Amino acid sequence: MNHERSRELYDRALSVLPGGVNSSVRATQPYPFFIERGDGAHVIDADGNRYVDYVMGYGPLLFGHDLPESVQSAIQSHASAGPMYGAPTEIEVELAEFVARHVPSVEMIRFVNSGTEATVSAVRLARAYTGRDKIVVMQGGYHGAQESTLVEGDPHNPSPSTAGIPQSFADHTIPVPFNDPEAIRSVFEAHGEEIAAVLTEPILGNNGIVCPVEGYHETLRELCDDYGSLLIFDEVITGFRVGGLQCAQGKFGVTPDLTTFGKIVGGGFPVGAIGGKSNIIEHFTPSGDVFQSGTFSGHPVTMAAGLATLEYAAEHDVYDHINGLADQLRSGLTDLLEERAPQYTVVGTDSMFKVIFTRDGATERGDACGAGCRQDPNCPNFDSCPKTGADVANAETDRWERLFWQEMKDRGVFLTANQFESQFVSYAHSEEDIESTLEAYAEAL
Ligand SMILES: *Cc1c(COP(=O)(O)O)cnc(C)c1O
């Protein structure tokens, strides 16, 4: 594979963009390939190489790179009418109505411009609504590049996970291990009256894909109810992907007080949103006193792309198709692992998937979790499949990133850049793509 032009572009990029990229995860080793264009489920790079794409923009692209006619024309007509105004438009109301109609916990929604902005505003709202400062987050959870959640450590020693964040921010954040009801129970026993909210992804989607064990979300719901704290589901990655149009909260049957959205709800354009019951959401300005504002919020082109995307998904077999193909892929990967690397674990649900290079998985295979870990206590791999962010971090992350990712790339398969980020099947993927992908895995594993 020739990468001359990508190399040249990266050389130029390094002079004007820190690390040569605008989002750190894109700086793959030794240098990233630059993308020229998309084509269905594939991308073509600057040197003309073609890859089956499972990155899908890190989540937003439900349909792959060829948008349905209705989505394209919605985008084009709103862009050509004038991109934005600083005054309300009908399309924002329509997208809000659509989300409120389909997502169980949402009565009202505020649109913003990124998932990060959504979680920042949700945390501010929860603090104002409860009059409390502390938030509980999951170790290995991800809520964007924000001060209150870029925190690591344990409940007794939280610290910023990046330079540039004062310790005093981290002091208000309590990181607990995902899937550990006892850990969060004791945090509530010690600090319950100070906790504004528990903020969690329903599935850890930026940390190897870790699904909840039976009853975990119910425990969170109960603790929040008992102590008057809000439960916030960060559905930026799972929203309109896991559980289809009702999102992961519908799939798991747990109703959060607030939900953050991003990615798919903008149909491929920058977006975020905070949804929930009206009596909470109305605390945002101008109806309430929690300041929230944005020049580009509710951008008409984004709203049009998001609405046309969700309407198309409502009227076609989108979720059946992508979940079916992903099931096929996860099953095929499970079979491959049995033969080649029985200690590794296939994870994922709906259209999300990943192979985790776990170090000491059970070598006997049960049929309970044949197409991705479901946290089934009867599965022979239950004790070794990842339950927490730390379990994923303990996998062979270097081997994954430094060897395996390149091997797959050289075979024309574009995976997310490291062991932690989820991969996605889109509506544009075909059975042939799945088959060629499994062949590449068979060679690379
Ligand atoms: C992607 C993501 C974010 C951040 O969204 P941005 O649009 O990148 O700011 C927040 N939370 C979760 C769960 C995400 O997957």
Side-chain angles (χ1 to χ4, degrees), residues 21-27 54-62 103 110-126 135-151 161-162 173 175 178 197-212 217 220 231-243 247-249 251-252 256 258-275 292 294 296-299 302 305-306 309 347-354 389 392 416-424:
V21 292
N22 279 303
S23 188
S24 40
V25 78
R26 296 176 197 163
Y54 294 103
V55 175
M56 287 296 152
Y58 282 87
L61 304 178
L62 191 60
V103 184
R110 168 65 53 88
F111 288 107
V112 294
N113 306 289
S114 70
T116 297
E117 211 184 315
T119 66
V120 167
S121 301
V123 166
R124 186 183 307 140
L125 180 62
I135 59 163
V136 178
V137 298
M138 302 298 150
Q139 295 161 353
Y142 182 67
H143 307 289
Q146 73 137 310
E147 268 62 8
S148 290
T149 60
L150 288 173
V151 171
S161 62
T162 167
T173 301
F178 191 60
V198 173
L199 170 59
T200 185
E201 299 163 78
I203 294 172
L204 300 188
N206 296 272
N207 204 278
I209 314 179
V210 181
C211 286
H217 288 325
L220 302 183
L231 178 60
I232 310 175
F233 271 3
D234 182 353
E235 294 229 42
V236 170
I237 209 164
T238 53
F240 306 105
R241 179 174 295 283
V242 173
C247 306
Q249 56 196 264
K251 181 182 175 90
F252 294 125
L258 292 175
T259 305
T260 51
F261 299 95
K263 299 193 171 128
I264 289 175
V265 78
F269 290 83
V271 79
I274 311 95
Q292 208 299 312
F296 290 107
S297 294
H299 195 288
T302 302
T309 293
V347 294
T349 180
D350 297 63
S351 54
M352 298 167 73
F353 75 99
K354 195 87 180 175
V392 177
T416 50
N418 57 49
Q419 171 73 99
F420 301 102
E421 312 278 344
S422 180
Q423 293 149 185
F424 308 94

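Ligands are counted one by one from 1 in listed order, and the atoms in each one are counted from 1 as well. In this text the structure is predicted, and so the values were computed from the model without any measurement.
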Taking all heavy atoms of Lys354 and all of Thr416, pick out the closest pair and write down the distance.
NZ-OG1, 2.7 Å
Leu150 backbone acceptor or donor facing Ser161 side chain under 3.5 Å
yes
If you look at each N/O of ligand 1, which protein N/O atoms lie under 3.5 Å away, and at what distance?
residue: ligand 1; atom: 5 (O); partner: Gly115; partner atom: N; Å: 3.4
residue: ligand 1; atom: 7 (O); partner: Gly115; partner atom: N; Å: 2.8
residue: ligand 1; atom: 9 (O); partner: Gly115; partner atom: N; Å: 3.4
residue: ligand 1; atom: 9 (O); partner: Thr116; partner atom: N; Å: 2.8
residue: ligand 1; atom: 9 (O); partner: Thr116; partner atom: OG1; Å: 2.6
residue: ligand 1; atom: 11 (N); partner: Tyr142; partner atom: O; Å: 3.3
residue: ligand 1; atom: 11 (N); partner: Asp234; partner atom: OD1; Å: 3.4
residue: ligand 1; atom: 11 (N); partner: Asp234; partner atom: OD2; Å: 2.7
residue: ligand 1; atom: 15 (O); partner: Asn206; partner atom: ND2; Å: 3.0
residue: ligand 1; atom: 15 (O); partner: Lys263; partner atom: NZ; Å: 2.6

Given the options Ile135, Thr173, Val120, Thr149 meets side-chain contact (heavy atoms from CB on, under 4.5 Å) only with Ile135
Looking only at non-hydrogen atoms, find the nearest pair between Tyr142 and Asp234 and report the distance.
O-OD2, 3.4 Å
Taking Ala118's backbone N and O only, do any of them form a donor-acceptor pair with Ser121's side chain (distance below 3.5 Å, no angle check)?
no
Residues forming a side-chain contact (heavy atoms from CB on, under 4.5 Å) with Ala248, sequence neighbours excluded
Pro202, Glu235, Thr238, Val242, Phe252
